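Data first, discussion second: the structure below is written as structure tokens.
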There are 2 protein chains.
Amino acid sequence: MNYETLLREHHLKVTPQRLSILSSMSDKGHISIEDLFASVKKKFSSISLATLYKNINAMLETALISEVKILNMKSKYEITKAKHIHMVCQSCQEVMDLELDLSAFVSKASEKSHYTVKEVDIVLSGLCEKCQ
Amino acid sequence: MNYETLLREHHLKVTPQRLSILSSMSDKGHISIEDLFASVKKKFSSISLATLYKNINAMLETALISEVKILNMKSKYEITKAKHIHMVCQSCQEVMDLELDLSAFVSKASEKSHYTVKEVDIVLSGLCEKCQ
DNA sequence: CTGAGTGCAAACGTTTTGCACTTGC
DNA sequence: GCAAGTGCAAAACGTTTGCACTCAG
């Protein structure tokens, strides 16, 4: 995907800082603020942490990116894609996306709890293929 | 459950501060640090925030309590119970526990990702029975 | 009696803010 | 040209630490 188009679709101006952020985020798939700052600085050494935070917040608000909260780790951020769950390796910390049919599961939860389910947030942690 | 026994089973000394914390946490089911501090202060006005944090951390380490990370909300804490998923209401912010059979779901995720799954963290958000 | 727990104040790391300057559109 | 974005320094925020005192076991 083209990041300029992506930004414009979310009503955000295209700046070199934003393009760098999206490029680094896309490279890593899932990245913490700290790692993102280091990564963006390599290509764009003048960027400030304040700008990074402002842009992360702007992109979260328009849902261009999403936050992934993981137990015992700092939050990571990803470019918003089709709905999926997250697999996290407790050894190497890698995060993998997994598309899975959740309809049966969600309707059961919905029925049992009497909640109308709008969002699904699933993180399974353990050991990835390489680390086990 | 008796909180004195619960603390002793987790090799933590029994203090009135800890009993207050557990009592407030149990009353609310799921509570943020901020709300917990306010709630504990009512019964135990001399408690300090430092003590609250030290105890939360001690109890997390022994897994007497668990953290629940929820998107767009502050973390909440609960006394550790049997495995369950969380239903969160986006309107009233209430959190409900739900016990559900996850084995089919987990084995599918495991098979597809080649991960060995050790922990399952599921938060479904939407509207509770009262709020819809 | 002794180590663990408490409360205070200071320190810390992370995130946000205000402001002058620059840039995208 | 003007609103929006940037970078800096300062402030705010939540959390942790060091230390003297107290208490549970």
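Quick caveat, the model's predicted, so the values are computed rather than measured. Naming convention: chains lettered A, B, ... in sequence-line order (proteins, then strands); numbering from 1 in each chain.
- OP1 or OP2 of C:dG7 has at least one side-chain nitrogen or oxygen of B:Thr51 nearer than 4.0 Å.
- Taking a cutoff of 4.0 Å between a charged side-chain nitrogen and a carboxylate oxygen, B:Asp35 and B:Lys28 do not qualify as a salt bridge.
- Protein atom CE of B:Met59 is 14 Å distant from nucleotide atom C1' of C:dA4, rounded to whole Å.
- For the contact set between residues 72-80 of chain B and DNA chain C, defined by any heavy atom under 4.0 Å, there are no members.
- The base of D:dG18 sits with one of its N or O atoms less than 3.5 Å from a complementary donor or acceptor on the side chain of B:Lys54.
- Close to C:dT6, at under 4.0 Å from its OP1 or OP2, lies no side-chain N or O of B:Ser46.
- The distance from atom CD of B:Glu61 to atom C1' of C:dA4 is 14 Å, rounded to the nearest whole Å.
- Projected onto DNA chain D by closest heavy-atom contact, B:Glu34 and B:Ala50 fall at different nucleotides, the more 5' of which corresponds to B:Glu34.
- Each of C:dT6, D:dT16, C:dG7 was ranked by its minimum atom distance to the side chain of B:Asn57; first place goes to D:dT16.
- Distance, A:Leu52 CG to D:dC8 C1': 15 Å, rounded to whole Å.
- Distance B:Asp35 CG to D:dG14 C1': 15 Å, rounded to the nearest Å.
- Distance, A:Ile56 CD1 to D:dG5 P: 14 Å, rounded to whole Å.
- If you measure from atom CZ of B:Phe44 to atom C1' of D:dT22, you get 12 Å, rounded to the nearest angstrom.
- One side chain, B:His30 or B:Asp97, offers a donor N or O that lies under 3.5 Å from an acceptor on the other.
- Between the side chain of A:His114 and the backbone N or O of A:Ser110, no donor-acceptor pair lies under 3.5 Å.
- Sparse packing is recorded around NZ of A:Lys130, with 12 or fewer heavy atoms of other residues, nucleotides or ligands lying under 6.0 Å away.
- Enclosure of atom CG in B:Asn57 by more than 12 non-hydrogen atoms of other residues, nucleotides or ligands within 6.0 angstrom is indicated.
- A:Lys42 NZ: 12 or fewer foreign heavy atoms inside a 6.0 Å radius.
- For the pair B:Ser24 (side chain) and B:Ile21 (backbone), a donor-acceptor distance under 3.5 Å is absent.
- No side-chain donor-acceptor contact under 3.5 Å links A:Thr116 to the backbone of B:Gly126.
- DNA chain D lies under 4.0 Å from at least one heavy atom of each of the following residues of residues 3-18 of chain A: A:Lys13, A:Thr15, A:Gln17, A:Arg18.
- A donor atom on one side chain and an acceptor atom on the other are not found under 3.5 Å apart for A:Ser23 and A:Ser26.
- Look at CD1 on B:Ile33: it is 14 Å from C1' on D:dC13, rounded to the nearest Å.
- Put simply, CD1 on B:Ile21 is 11 Å from C1' on C:dT6, counting in whole angstrom units.
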